[in-house]
Amino acid sequence: MITMLITSILLILGFVYMAFKMFENSKPTVESIVLLAILVAIAVLGRLLLLSIPGIQAGSFIIIMVGVVYGREEGFLVGALAALVGDLFVGIGYWAVFQMLGWGLMGATAGMLAERFENPWFRVVFGFAWGYLYGWITDISAIFYTGIRLELGPILALYANGIAYDFAHGMANAVLLFVFYDWFKKIFLRAKTKYLDGAEQVPVESDSIDL
Amino acid sequence: MPLIELKDFNFSYASTDGSDKTFECLHDINLEINYGDFVLLCGPSGCGKTTLLSNLKKELIPNGLRSGIARYNGIGISQLDDETSACDIGYLFQNPDSQIVTDTVIQEIAFPLENIGVSSEEIRNRISELAAFFGLNDILHKNVNELSGGQKQLVNLCSLLVLRPKVLLLDEPMSQLDPIASYDFLSILRRLNEEFSITILISEHKSDNIFSFVDKVVFMENGRIKYDKNPREVSKTAFEDDVFKHYLPQVAKIHNLLGARHSQLSKMEMPLSIREARRSLNTIHDDLIKISEDGEKNQNPDLAHVDSDNNSHKKSIFSRKANDSIIRMNGIYFAYIKGHLVLKNLDFDLKKGDFIGIIGGNGVGKSTFLQLMCGLLKPIKGKVKYQKNLNIAYVHQNPMIHFSRDNVKAELVKNLDIDSDVKSKLVEMDDGDFINSKTLNGLNFNNLNFKFKDLIEFFGISHLLSQHPYDCSGGEQQKIVIIQALLKDADVLVLDEPTKGLDPISSLNLSKELNELNGNGLTIVMTSHDLDFVANNCRRCLMFFDMNIQIDSPPKEIFRENNFYTTFVNRMVKDYIPQAVTIDDVCSLWDLDGSSLE
Amino acid sequence: MELTEIHPGILIVYYLILALSAFLFSNPYYMITFIVLMLFLIYLQGVRSELVNVMKIFIPLGVLIIIINPLFIYEGAHRIYLWGSYFITLEALVYGFLMAGTFLIVLLALSSYNKTVSYQEMLYILSKKLLVISMVLVMALRFIPLLNSRAVEIEKLFKLENREYLNSEDALESSSENENLIQGVEGSNLIQGDEGSNLIQGVEGSNVFREDEDSNPDLKNGEEIESVPVGIKTDSKIINKVASSKRGRKLIEKARNVGNIMGVTVSWSLEEAMFTAKSMKARGYNATQRSSYLSFHLKKADYCFIAFLIIVLAILAVGLTQGYGYINVYPSLDFSFHDLPLNIYYLAFVLLLMPLIYLELKEVWIWRNHS
């Protein structure tokens, strides 16, 4: 089990590292770096705001919205980084690795299925499903304590244990995605044109007059 | 050779929707700034100040079409190499919060040095030097959230100074600071200019403190430079200008007014500080004493009634029943943290029709008081009572906080008590139909004899209706929020620092608007650091001190008694007419023709 | 540790070794030693409040681990029959306890780690490999408190909007004080903390909006929710359906409230952050290769630490190959409480845990003599 735990952590870390490295190698503009940072901060704020009720938070909603509007790469980055930053606040642990994977994939899948999000029922199902998927991914970090090898029973027991928590998480996602999708999409689209499109344009300059 | 040189410079923005259309923003700019100059840049919002400044900083040149010459040290600005541009030319923005990128002070100051790849040893050397000069050692390891606005802006400035710049471009750096912090900031700039010969180009609305030591004043309007002179000359010539006379320091205005009658004054050098002004008044000392005595005889001794045209309003408001209280606060105690009281045993009565200005130093509980009054905070002891169905509207000092829609029309209707289908139809109308729509013009207000259409016209926002609220200027955003409140039929309008960052023209408009609304019966409560604004407009003034309301009387009485905490006008003419607090007072007491200031 | 500087990279490696040892050394004597020394270290580092957080995480999951193991795993030589033919195995039971112990050690080591290595140091290490990402993290850490303070401001406005609604309701006529005016808002004796500032300091501090839960009397039924002013137009049928259950309703209220506050915060902050980008450009970000104001060089103390670790780890590795330090649970538990582990390997194990304790103790001693 211990080797499996270490292997899985290393695999995930390698995967996340590759994603980060790809972002760095793409020579991002200052604007896109700031945008990424602020989106991460927003997601973390969404996660921390409602910590008083277990499971309910707006972080997942933000990450899904980022995936939908900015695409799967940005969705993955924001998800993974938000998990990391959130854990820097509340104390980092190895489970951060699984949270990074969970939230990263949440953002990435939202980006892949972006077109279908116009359908409100799809959003509700997607958000609700990710309440459970996220719970299952993060629970992997606990599975390794439940025996000498992977077995279905303990896994199911762990998942059953988190069922109420994940339900609340999924419901919060579903409600937020249902109600606030259009509004946040507008907000993010405005930011997208301001930050990303403007930066790609080369400044129009008239020739040779400057000196 | 001038350090910065603009010759026949034009700039027009590229349109945001991708078409070839452009918006002209700067026309025929000719400007020379020499090494070590301190230059003040003034003009109404949208006149192109920011565009001009950002065209002087390579990294910030906006998308658009440039023509003409723009040189720094003989080299075209866009041809400067990255490192020279980053180091030599520093650029400071308005809002201290949005410029900070890291979470501790030392990291923030180190940030630009890290960017240009300076070794960590050298970084620490440079920071230690700055820390010693500015006395930063106490805050160096603090988190930036623990700093006051003034400290944040100082950190931002230091973060430019570590690069050892030759030029500082400052875009309204003090507009978000309180008067004491702005004064400190200004003193630092002056020191940098005098002791290190750093060239400074600053845009700023409030000229009273700054005119006396700048080398050059540049007034801009509609993308053109209208005046480019030294401050004494510009104070003389721009006084004839309808727009820019409002940008002149109060002392210069009074000097000009007096100069029309006392010809010996107009031959003298234009005074730019209270000290100089007192000196020039002294030359006509005897005349002034005589005029002042005459003036006092002719005046009603009650100072609250100095400006005559407002008399009727005031009478009608003050004559109302004494028990017209709409909010009553009794024995209020408040603290954020146990053991640290902010307000102590405070009593307060808000009467219908009041127009209250709240003044006082920083951290004396003005904003806390406002929030308690609105019910945003609950007192830890004591009671706040409200008239039944009282509708309080609160305008935050940052109007952006109120917006959640993507055009002004939607903002205006969002809080209305009408069907959401009707709302969305309204929002889709074109501007003309929207203004004339039956639904909106059918709204009736308790405290206002206005129809919707009149309201839009009165505030002059009809051209903004289709814009995104964020794309409006600060003054315009404020108007939109006030209209939102009025449409909800507010009884009490509470404004937190409405004058913060407003240019003189917007400030003048605001004062007109608030007076009109108050005349209609709306109760207004506002905090402000702008003593002139309070003196000119408010009928009742609360001065906070030591956890309580220290003084509660008409503003003019307060400022007449005060020696330090009073208006510039009062400080200037105190020896002759201590009761004069505003320029209007001076005009009526000295029998001057103030019509040119309207 | 104020009086000793150790390279953060070495500390990170050290804590990784500790976490790994938690899994490798399953001998109960070793584990108990481990837990005791970790608790002592945390005590010395003055993070007792952290201990509460550790327990909050540990107790539910630890109990679950202890229960799940015997419940699902029936391997092992020693069967314990509970009733009828139903049995659990001693091995699974013991394994569950050992795993729970491991989990506890990992948690303790992590909370000590979070105290020892500051996030600036972690980011410094990260920036060696991922320059841009570490910048993003620094900025995000700076933005979160800023966004939070904005959210707190916005929440206040929402409260006011809701209050207006309250005022316009006829239901409040009952409060008839003097004259016809007055509706009292009585001050409670609670001191309200400065909510804005303490969100971020840790788990307990972060329930900023906790008072919404009960003190928002103005949002009681579905219709009223519809009139939350900044709320976005919705198809109320669906919402009402979900809102028919009490729990669901509360959830929706919460979600709506948070959504509204988030929306305004987000759009405002995205707008403001354009200036952040400009300010970064103006200060030469992206101009050349970045350096760092922090610099860590390996010093004498670091070399000593490394040498010490190598020696201790070598001894422990020999011990592990010889069968010292761990026990075999499956297929048959072999452990006797009489086999005291007093030997060089155990000594090496204790030494492995000691360096930070030694440094902390030395510090206590220095401070005591100093005053």
Side-chain angles (χ1 to χ4, degrees), chain B residues 57 59-60 82-83 86 91 93 95 97-103 106-107 110-120 123-124 144-145 159-160 323 325 335-338 371 374-376 378-392 394 396 400-402 404 414-415 420 470, chain C residues 120 138-139 141-142 145-146 149-150 153-154 156-157 159-160 163-164 167-168 172-173 177 179-194 197 229-230 233 260 263-264 267-268 271-273 275-276 278-295:
Chain B
K57 175 80 177 160
E59 293 85 350
L60 301 180
D82 287 346
E83 202 171 321
Y91 195 107
F93 298 84
N95 188 339
D97 264 324
S98 56
Q99 300 170 67
I100 299 177
V101 293
T102 63
D103 59 350
I106 185 165
Q107 253 186 303
F111 172 76
L113 294 172
E114 294 177 340
N115 290 341
I116 56 166
V118 175
S119 73
S120 48
I123 292 179
R124 299 188 74 88
V144 288
N145 305 303
S159 179
L160 303 177
N323 63 355
S325 310
Y336 291 102
I337 306 158
K338 192 177 176 182
Q371 293 180 358
C374 299
L376 295 182
K378 286 200 176 98
I380 56 173
K381 185 167 169 252
K383 264 190 179 178
V384 185
K385 293 175 179 176
Y386 301 92
Q387 188 185 44
K388 208 181 75 190
N389 294 340
L390 190 69
N391 190 346
I392 305 174
Y394 181 88
H396 197 267
M400 270 168 88
I401 193 173
H402 291 273
S404 55
K414 79 174 177 195
N415 288 345
S420 55
Y470 284 167
Chain C
Q120 274 109 340
V138 170
M139 290 170 66
L141 286 168
R142 182 269 175 288
L146 180 68
S149 64
R150 286 175 182 162
E153 283 297 296
I154 292 162
K156 279 187 197 156
L157 286 188
K159 268 196 206 159
L160 183 71
R163 239 185 58 77
E164 282 171 13
N167 272 334
S168 61
L172 295 159
E173 277 173 5
E177 290 255 357
E179 298 143 44
N180 64 349
L181 332 178
I182 304 289
Q183 172 238 327
V185 176
E186 189 138 11
S188 66
N189 286 321
L190 284 168
I191 305 272
Q192 292 182 316
D194 186 5
S197 54
V230 189
K233 189 189 80 169
N260 279 326
V264 180
S267 53
W268 179 17
E271 204 71 19
E272 284 285 328
F275 290 101
T276 315
K278 285 185 182 170
S279 168
M280 287 172 74
K281 278 202 267 184
R283 286 183 283 162
Y285 186 77
N286 259 6
T288 47
Q289 186 67 24
R290 269 173 72 78
S291 59
S292 171
Y293 85 102
L294 284 172
S295 71

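Residue numbers start from 1 in every chain, and the chains themselves are labelled A, B, ... in the order their sequence lines are given, proteins ahead of strands.
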- Task: Would you check if there is a donor-acceptor pair between the side chains of Ser279(C) and Tyr91(B) at a distance under 3.5 Å?
- Result: no

- Task: Could you look at Val101(B) and say if it's the side chain, the backbone, both or neither that has a heavy atom under 4.5 Å from chain C?
- Result: both

- Task: Heavy atoms only, distances under 4.5 angstrom: which of Asp103(B), Leu160(B), Asn145(B) has the most pairs with chain C? Name it, please.
- Result: Asp103(B)

- Proximal component of Glu153(C), with respect to chain B [non-hydrogen, under 4.5 Å]: both

- Query: Between Gly263(C), Ala273(C), Ser291(C), which shows the greatest number of heavy-atom pairs under 4.5 Å with chain B?
  - Reply: Ser291(C)

- Task: Answer yes or no: does atom CZ of Phe275(C) have more than 12 heavy-atom neighbours from other residues, nucleotides or ligands under 6.0 Å?
- Result: no

- Taking the side chain from His396(B) and the backbone from His402(B), do they hold a donor-acceptor pair closer than 3.5 Å? no

- Note on the structure: Bottom line for Ala282(C): the part with an atom under 4.5 Å from chain B's heavy atoms is both

- Query: Is it the side chain or the backbone of Leu60(B) that comes within 4.5 Å of chain C heavy atoms, both, or neither?
  - Reply: side chain

- Message: Out of Ser119(B), Gly117(B), Ala110(B), return the one with the most heavy atom pairs under 4.5 angstrom to chain C.
- Response: Gly117(B)

- Task: Tell me, please, which residues at least two apart from Arg142(C) pass salt bridge (charged side-chain N to carboxylate O under 4.0 Å, His left out).
- Result: Asp97(B)

- Atom CG in Leu376(B), atom CG in Leu157(C): separation rounded to 0.5 Å? 7.0 Å

- Query: At a heavy-atom separation under 4.5 Å, does Gln371(B) approach chain C through its side chain, its backbone, both, or neither?
  - Reply: side chain

- Note on the structure: Here the pair of heavy atoms bringing Val144(B) nearest to Thr102(B) is CG2-O, 3.7 Å

- Please name all residues satisfying ring-ring contact (aromatic ring centres under 6.0 Å, His included) with Tyr293(C), sequence neighbours left out, ordered by chain then number. none

- Query: Can you tell which of Glu59(B), Gln99(B), Glu114(B) has the highest number of heavy-atom pairs within less than 4.5 Å of chain C?
  - Reply: Glu114(B)

